[in-house]
Amino acid sequence: QVQLVESGGGLVQAGDSLRLSCAASGRTFSYYTMGWFRQAPGREREFVASISPSGGSTYYADSVKGRFTISRDNAKNTVYLQMNSLKPEDTAVYYCAAGGRHSPFQNQYDYWGQGTQVTVSS
């Protein structure tokens, strides 16, 4: 069992940066692929980024490539999402998730956090 708690969301202006954190409980964090997903009002939840257990491989959605960076610290059981050059269309609830397969597909993730709100004003 893995419990995930996101933090770092907030209200920012377009062009600003934010760093989201996701702290995981349990001793097996380093076994899991970690992903970030987001859900905007009235839209389905979508993939943002993922990172392999070792951190050696990452995937990004085209909409965030070059602006967002996912990283992890296995010693701290934490995964991060550095978000730069934020746009109003990045406004959403951001969720972290843990899964056994490095994939952009939500059904590959077994554990989910409660989410943190990111709002980007124009």
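Start at 1 with the first residue, then count along the sequence. FYI, side chains are in, hydrogens and waters are out, and symmetry mates aren't considered; it's all heavy atoms of this structure.
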How long is the gap from [atom1] on [X] to [atom2] on [Y], to the nearest 0.5 Å?
X	Y	atom1	atom2	result
Asp90	Thr119	CG	OG1	11.0 Å
Lys65	Thr58	NZ	OG1	9.5 Å
Ser30	Asp73	OG	CG	11.5 Å
Gln114	Thr116	CD	OG1	11.5 Å
Thr28	Gln1	OG1	CD	10.0 Å

Residues at least two apart in sequence or cross-chain that pass side-chain hydrogen bond (donor to acceptor under 3.5 Å, both in side chains) with Glu46, listed by chain then number, are Arg38
Can you confirm if the NZ or CZ of Arg72 lies within 45° of the ring axis of Tyr32 and under 6.0 Å from the centre of its six-membered ring? no
Taken in chain and number order and not counting sequence neighbours, the residues that satisfy salt bridge (charged side-chain N to carboxylate O under 4.0 Å, His left out) with Glu89 are none
Val93 meets the side chain to side chain contact (heavy atoms under 4.5 Å, CB included) criterion, sequence neighbours left out, with Tyr95, Gln117
The side chain to side chain contact (heavy atoms under 4.5 Å, CB included) partners of Gln108 (sequence neighbours excluded) come to Arg101, Ser103, Phe105
The complete set of ring pair (Phe, Tyr, Trp, His ring centres under 6.0 Å) pairs with one or both residues in residues 39-86, sequence neighbours excluded, reads Phe37-Phe47, Tyr59-His102
Is [Y] reachable from [X] through a run of I, L, V, M, F, W or Y residues, each pair having side-chain heavy atoms under 4.5 Å apart?
X	Y	result
Met83	Ile51	yes
Tyr109	Ile70	no
Trp112	Leu20	no

Please give me the minimum heavy-atom distance between [X] and [Y], naming the atom from each residue.
X	Y	answer
Leu81	Tyr94	CD2-CD2, 4.1 Å
Ala24	Val2	CB-CG1, 4.1 Å
Asn84	Ser17	OD1-OG, 2.9 Å
Val12	Leu86	CG2-CD1, 3.7 Å
Thr91	Ala40	O-CB, 3.6 Å
Ala98	Leu4	N-CD1, 3.7 Å

Applied to residues 13-96, the disulfide bond (SG atoms under 2.5 Å apart) test, sequence neighbours excluded, yields Cys22-Cys96
Is there a donor-acceptor contact under 3.5 Å from the side chain of Gln39 to the main chain of Ala92?
-> no
query: Do any N or O atoms from the side chain of Gln82 and from the backbone of Thr69 form a donor-acceptor pair under 3.5 angstrom?
result: no
Query raised in the report: Would you say Phe29 and Thr78 make side-chain contact, with heavy atoms under 4.5 Å?
Result: no
